Visitor: 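The structure that follows is given in the form of structure tokens.
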There are 2 protein chains.
Amino acid sequence: MTAIKETSVIQENKQYALETCPVTYVMEKIGNYWKPIIIYHLSQGPKRYSELRKAIPAITEKVLIQHLKQLEGDGLVIRKAKPVVPPYVTYSLSKTGKGLMPVIDAMALWAQKERSNGF
Amino acid sequence: MTAIKETSVIQENKQYALETCPVTYVMEKIGNYWKPIIIYHLSQGPKRYSELRKAIPAITEKVLIQHLKQLEGDGLVIRKAKPVVPPYVTYSLSKTGKGLMPVIDAMALWAQKERSNGF
DNA sequence: TATCATACATACTTTAGGGTAAGTACTTGT
DNA sequence: ACAAGTACTTACCCTAAAGTATGTATGATA
């Protein structure tokens with residue numbers, strides 16, 4: 001029989017970090033390459049699924065929808081589907097999601113500064 | 001012989017995104033679970049390697065130093081080593097790194113708001 | 001009858017990131 | 001002589017995330 005897998009110390013520490021470090025809390029929600037990018041594009045207003053795809057051509061469909069579901073599950077994004085055919089689905093930021101806009105804005109600002117310094 | 005691996009469309013698109021989407025630019029630098037957390041801890045002032053370890057108990061040594069090197073390579077973090085034994089090494093944010101503090105602050109703010117709503 | 005468009009779903013493979021564990025160098029303290 | 005402390009390094013493994021490719025429902029249009 002297999003040894004009982006003892007609860008990892010790392011996991012305990014992660015739990016602890018979640019409760020004490022605010023940035024860790026944020027990372028658990030949007031600590032991923034694509035999520036802030038998706039949020040950025042939604043910060044400019046609701047978008048259809050296909051519009052998001054065009055706006056973020058480097059993401060694959062699988063990954064895009066995966067993250068959209070997770071963001072919806074975490075209450076950051078709202079999905080609205082019109083029962084028509086072909087489907088018409090829009091995604092937008094929830095109130096909580098909009099609360100992240102200062103974060104995204106600060107990112108955009110930094111990027112612009114860095115790039116203007118860059119040459 | 002193996003087929004020549006044609007340059008991935010995804011990679012081309014990533015290049016394009018890098019040039020047009022500011023958030024993508026940021027993600028290339030700190031788009032990782034740990035990096036914002038490390039920067040957060042450094043935003044409170046320079047820290048020794050061992051202090052960072054204690055401050056972020058959920059990270060392993062390997063990963064910590066890996067990211068510190070990358071952050072240093074990207075010019076966000078400065079490493080200073082006193083030539084003593086046992087070693088005395090401190091890490092701090094560079095000017096560019098400090099430029100990210102509004103991002104980190106906005107994250108911390110959001111986390112606090114969310115948590116106070118949470119119960 | 002066939003095709004197109006949209007918003008997905010699903011199976012399979014590959015890769016990159018992270019985890020574990022052990023080792024290294026150098027000096028001070030016991 | 002040996003352990004302890006610091007800041008790493010290295011080798012190996014494992015898993016979660018991402019990539020690839022193909023399939024599905026529905027009705028409108030040609």
Side-chain angles (χ1 to χ4, degrees), chain A residues 2-3 5-14 17 24 27-38 46-73 77-92, chain B residues 2-3 5-14 17 24 27-38 46-73 77-92:
Chain A
T2 358
K5 191 177 178 182
E6 51 186 299
T7 310
S8 155
V9 171
I10 296 275
Q11 285 314 309
E12 285 175 33
N13 287 339
K14 252 193 174 173
T24 296
M27 285 303 109
E28 288 294 323
K29 302 265 179 179
I30 57 161
N32 161 277
Y33 184 86
W34 294 110
K35 282 178 182 169
I37 296 175
I38 294 172
K47 286 231 167 78
R48 291 183 68 175
Y49 174 78
S50 53
E51 289 176 314
L52 279 174
R53 267 179 44 207
K54 271 171 228 160
I56 318 175
I59 201 173
T60 62
E61 283 193 73
K62 194 192 95 177
V63 173
L64 174 56
I65 204 157
Q66 213 172 73
H67 286 118
L68 285 172
K69 301 254 156 184
Q70 286 176 22
L71 289 169
E72 199 195 351
V77 155
I78 295 165
R79 191 189 101 113
K80 272 181 194 146
K82 285 187 197 168
V84 294
V85 85
Y88 194 97
V89 179
T90 55
Y91 291 90
S92 56
Chain B
T2 358
K5 192 176 179 183
E6 53 186 296
T7 309
S8 155
V9 170
I10 296 273
Q11 286 314 308
E12 283 175 37
N13 287 339
K14 253 195 173 172
T24 296
M27 286 303 110
E28 288 293 324
K29 302 264 181 181
I30 57 161
N32 159 277
Y33 184 86
W34 293 110
K35 281 178 182 168
I37 296 175
I38 293 171
K47 286 232 167 80
R48 292 183 68 176
Y49 174 78
S50 53
E51 289 176 314
L52 279 173
R53 269 179 43 206
K54 271 172 227 159
I56 317 173
I59 201 173
T60 64
E61 284 193 72
K62 193 193 92 177
V63 173
L64 174 56
I65 203 156
Q66 211 172 77
H67 287 119
L68 284 172
K69 302 254 155 184
Q70 286 176 21
L71 289 168
E72 200 196 349
V77 155
I78 294 166
R79 192 190 102 112
K80 272 181 194 146
K82 285 188 196 167
V84 295
V85 83
Y88 193 97
V89 180
T90 55
Y91 291 90
S92 57

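Each chain gets a letter, A, B and so on, in the order the sequences are listed, and its residues count up from 1. It should be emphasised that the depicted structure is a prediction, and the values quoted were computed from it without experimental measurement.
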Visitor: Tell me every residue that passes side-chain contact (heavy atoms from CB on, under 4.5 Å) with Lys82(A), counting only those two or more places apart in sequence or in another chain.
Guide: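 Per chain and number, Lys82(A) pairs via side-chain contact (heavy atoms from CB on, under 4.5 Å) with Val84(A), Tyr88(A).
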Visitor: Can you list everything that forms a side-chain contact (heavy atoms from CB on, under 4.5 Å) with Gln66(A)? Sequence neighbours excluded, please.
Guide: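 Here the qualifying residues are Lys62(A), Gln70(A).
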Visitor: What's the CD-P distance between Gln66(B) and dA16(C), to the nearest Å?
Guide: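 Distance check: Gln66(B) CD to dA16(C) P gives 13 Å.
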Visitor: Taking only residues two or more places apart in sequence or in another chain, which ones pass side-chain contact (heavy atoms from CB on, under 4.5 Å) with Ser50(A)?
Guide: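 In terms of side-chain contact (heavy atoms from CB on, under 4.5 Å), with neighbours along the sequence ignored, Ser50(A) is linked to Arg48(A).
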Visitor: Between Ile59(A) (CD1) and dG19(D) (C1'), how many Å, whole number?
Guide: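 These atoms are roughly 12 Å apart.
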Visitor: To the side chain of Val85(A), which of dT26(D), dA18(D), dG19(C) is closest?
Guide: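 Side chain of Val85(A) sits closest to dT26(D).
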Visitor: Output all residues satisfying side-chain hydrogen bond (donor to acceptor under 3.5 Å, both in side chains) with Glu72(A), sequence neighbours left out; order by chain, then residue number.
Guide: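 Partners of Glu72(A) by the side-chain hydrogen bond (donor to acceptor under 3.5 Å, both in side chains) criterion come out as none, since no residue qualifies.
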Visitor: Under 4.0 Å from OP1 or OP2 of dG18(C): is there any side-chain N or O of Thr60(B) that close?
Guide: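 So the side chain of Thr60(B) is outside the cut-off, no N or O lying under 4.0 Å from OP1 or OP2 of dG18(C).
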Visitor: What is the distance from CD of Glu28(B) to P of dA16(C), rounded to the nearest Å?
Guide: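 Rounded to the whole Å, the gap is 13 Å.
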Visitor: Could you tell me whether the phosphate oxygens of dG17(C), OP1 or OP2, come under 4.0 Å of any side-chain nitrogen or oxygen in His67(B)?
Guide: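 No.
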Visitor: Checking Leu64(B) now: which residues fulfil side-chain contact (heavy atoms from CB on, under 4.5 Å) with it, not counting sequence neighbours?
Guide: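 Ile38(B), Tyr49(B), Leu52(B), Arg53(B), Ile59(B), Leu68(B).
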Visitor: Using a cut-off of 4.0 Å between protein heavy atoms and nucleotide atoms, how would you tag nucleotides 6-11 of chain D 5' to 3' with B, S and -?
Guide: BSBSBB
Visitor: Tell me: CG of Leu52(A) to C1' of dT6(C), nearest whole Å?
Guide: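 One finds 14 Å between C1' of dT6(C) and CG of Leu52(A), rounded.
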Visitor: Rounded to the Å, how far apart are Leu64(A) CG and dG19(D) C1'?
Guide: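 Computing the Leu64(A):CG to dG19(D):C1' distance gives 14 Å.
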Visitor: Would you please confirm or rule out a distance under 4.0 Å between OP1 or OP2 of dA16(C) and any side-chain N or O of Asn32(B)?
Guide: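 So the side-chain polar atoms of Asn32(B) never come under 4.0 Å of the phosphate oxygens OP1 or OP2 of dA16(C).
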Visitor: Does any non-hydrogen side-chain atom of Leu71(A) lie less than 4.5 Å from one of Tyr91(A)?
Guide: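 In short, these two side chains do not touch, never coming nearer than 4.5 Å.
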